[in-house]
Amino acid sequence: SLHDALPILTKGDLEGILACGITPQRAMNYLNKQKGEREGALTEWKDYLNMARREGLDLSDDIVRLPKDLHRRHNELVDLQSQRKSKEKAKQYKKLDAKIRRRIPEAARYYWEDKEYMIVPAAGCEELIRESQILHHCVGTSTNYMNKMAAGRTWILFLRRKKDVDDPWYTIEIDMETDEIRQWYSAYDRQPEYQKTRKILNKFLRSVKKKREKERLKAGTVQIAATA
């Protein structure tokens with residue numbers, strides 16, 4: 001049965017899928033095709049169907065309910081809804097965004113890349129909202145992290161794989177005073193490829209430390225020159 005094949009399916013999940021006119025066998029076949037490509041296909045599909053329903057899309061159409069590229073279609077609907085919400089909350093975030101923009105030069109030291117990965121500092125509230133909606137975590141669900149960025153206490157960074165540079169992977173919170181990473185999570189607050197990611201972050205932190213040392217040396221040289 002579908003429940004036996006996919007034990008993480010709840011009764012509510014099953015009802016939501018079958019309500020679209022999809023038989024258990026078709027659902028199982030579709031998920032099996034997705035499973036090999038990406039973790040969390042079931043949750044992503046359920047989330048996609050809910051968004052499609054809210055958008056008034058025709059869920060009796062296989063092209064809509066069984067998208068060939070589930071991940072891409074899911075993120076397209078996330079972007080669509082994010083843009084709508086962003087417009088609605090634009091006034092609320094306008095002051096925060098202005099404060100965050102003033103601190104972007106400080107956060108620029110956190111930009112980093114190697115051959116396979118890159119870390120990009122967030123540049124505004126809308127980016128946090130999108131990251132949160134795609135990865136299903138709390139970074140953009142309130143103004144908590146936005147306020148911290150605006151005050152220069154911590155900054156949100158996005159770890160990306162260069163082969164999928166627009167595809168959110170890990171979200172990082174870093175302390176701007178100590179340059180210590182406070183937390184780092186991927187989708188659903190999980191930490192896939194944990195050891196590998198730790199090595200990437202350690203490499204990143206070594207780079208940040210070198211940048212800091214160069215800044216201190218430069219500042220010291222300027223001060224000496226000024227007093228000479």
Side-chain angles (χ1 to χ4, degrees), residues 40 43-44 47-48 50-51 54-55 71-72 74-113 117-162 164-192 197 200-201 204-205 207-209 211-212 214-216 219:
T43 308
E44 194 165 57
D47 192 40
Y48 163 77
N50 286 334
M51 287 190 292
R54 289 196 297 271
E55 290 296 323
H71 188 66
R72 182 178 64 81
H74 171 272
N75 286 359
E76 284 174 356
L77 285 187
V78 167
D79 284 342
L80 180 65
Q81 297 193 357
S82 176
Q83 287 166 14
R84 190 176 295 123
K85 287 180 181 178
S86 294
K87 287 177 183 177
E88 292 169 0
K89 294 186 176 182
K91 290 181 181 178
Q92 177 187 350
Y93 293 140
K94 194 173 181 180
K95 289 182 180 178
L96 271 176
D97 268 328
K99 291 179 180 178
I100 288 169
R101 277 196 299 272
R102 285 197 290 270
R103 293 192 179 274
I104 285 175
E106 296 174 51
R109 67 176 178 268
Y110 297 128
Y111 179 87
W112 171 87
E113 64 179 314
Y117 305 96
M118 65 193 303
I119 289 177
V120 182
C125 300
E126 190 172 339
E127 290 185 6
L128 268 63
I129 294 167
R130 180 180 186 271
E131 185 90 351
S132 184
Q133 287 176 336
I134 291 177
L135 295 183
H136 301 275
H137 55 38
C138 65
V139 76
T141 56
S142 73
T143 57
N144 179 38
Y145 294 99
M146 301 168 194
N147 282 320
K148 288 181 183 180
M149 288 170 64
R153 294 197 300 273
T154 69
W155 207 267
I156 297 299
L157 313 174
F158 304 139
L159 172 59
R160 299 285 190 261
R161 290 170 284 211
K162 282 189 168 180
D164 297 310
V165 71
D166 294 321
D167 197 359
W169 185 36
Y170 261 97
T171 312
I172 303 158
E173 182 186 19
I174 193 165
D175 189 303
M176 292 191 75
E177 184 177 347
T178 64
D179 292 332
E180 292 178 0
I181 290 176
R182 290 192 175 184
Q183 54 182 326
W184 44 288
Y185 289 104
S186 188
Y188 303 99
D189 289 328
R190 294 172 185 156
Q191 293 179 309
T197 311
I200 295 167
L201 295 179
F204 158 71
L205 288 174
S207 172
V208 171
K209 187 177 179 181
K211 287 180 185 177
R212 282 282 207 179
K214 283 182 181 178
E215 286 173 8
R216 279 194 287 268

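Just so we're clear, the structure is a prediction, and the values are computed from it rather than from any experiment. For the numbers below, each heavy atom of this structure counts, side chains included, while hydrogens, waters and symmetry mates do not.
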What is the distance from atom [atom1] of [X] to atom [atom2] of [Y], rounded to the nearest 0.5 Å?
{"X": "Y145", "Y": "T154", "atom1": "OH", "atom2": "OG1", "result": "8.0 Å"}
{"X": "D47", "Y": "T43", "atom1": "CG", "atom2": "OG1", "result": "8.5 Å"}
{"X": "L80", "Y": "E55", "atom1": "CG", "atom2": "CD", "result": "4.5 Å"}
{"X": "N75", "Y": "D167", "atom1": "CG", "atom2": "CG", "result": "6.0 Å"}
{"X": "L201", "Y": "I172", "atom1": "CG", "atom2": "CD1", "result": "5.0 Å"}

Kindly indicate whether the side chain of [X], heavy atoms from C-beta on, has any atom under 4.5 Å from the side chain of [Y].
{"X": "I200", "Y": "W112", "answer": "yes"}
{"X": "L157", "Y": "I181", "answer": "no"}
{"X": "I156", "Y": "E131", "answer": "no"}
{"X": "T171", "Y": "L128", "answer": "no"}
{"X": "R54", "Y": "Q81", "answer": "yes"}
{"X": "Y111", "Y": "V120", "answer": "yes"}

For [X], give me all partners under salt bridge (charged side-chain N to carboxylate O under 4.0 Å, His left out), at least two apart in sequence or on another chain.
{"X": "E127", "value": "none"}
{"X": "E76", "value": "R72, R73"}
{"X": "R101", "value": "none"}
{"X": "K211", "value": "none"}

For [X] against [Y], the heavy-atom pair lying closest together:
{"X": "D179", "Y": "L205", "result": "O-CD2, 3.4 Å"}
{"X": "W155", "Y": "A122", "result": "NE1-O, 2.9 Å"}
{"X": "R212", "Y": "E177", "result": "NH2-O, 3.7 Å"}
{"X": "I129", "Y": "G140", "result": "CG1-O, 3.8 Å"}
{"X": "P168", "Y": "R130", "result": "CG-NH1, 3.8 Å"}
{"X": "V139", "Y": "H137", "result": "CG1-CE1, 3.1 Å"}

In residues 146-153, what donor-acceptor pairs under 3.5 Å come from side-chain atoms, sequence neighbours left out?
| residue | atom | partner | partner atom | Å |
| --- | --- | --- | --- | --- |
| N147 | ND2 | T143 | O | 3.1 |
| N147 | ND2 | T143 | OG1 | 3.3 |
| K148 | NZ | E173 | OE2 | 3.3 |

Contacts of [X] that satisfy side-chain hydrogen bond (donor to acceptor under 3.5 Å, both in side chains) - sequence neighbours left out:
{"X": "R109", "answer": "none"}
{"X": "N144", "answer": "none"}
{"X": "E180", "answer": "none"}
{"X": "Y185", "answer": "none"}

TODO: Look only at the side chain of S186 and the backbone of Q191, and say whether a donor-acceptor pair between them is shorter than 3.5 Å.
DONE: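 Absent.
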TODO: Please check if the side chain of D97 supplies one atom and the backbone of C125 the other of a donor-acceptor pair under 3.5 Å.
DONE: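 Indeed, once roles are kept as given, a pair shorter than 3.5 Å links the two residues.
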Any residue meeting ring-ring contact (aromatic ring centres under 6.0 Å, His included) with [X], in chain and number order, not counting sequence neighbours:
{"X": "W184", "answer": "Y170, Y194"}
{"X": "Y117", "answer": "W169"}
{"X": "Y188", "answer": "H136"}

Open item on the list: Tell me if the NZ atom of K162 is crowded by more than 12 foreign heavy atoms within 6.0 Å.
Closed with: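 Enclosed.
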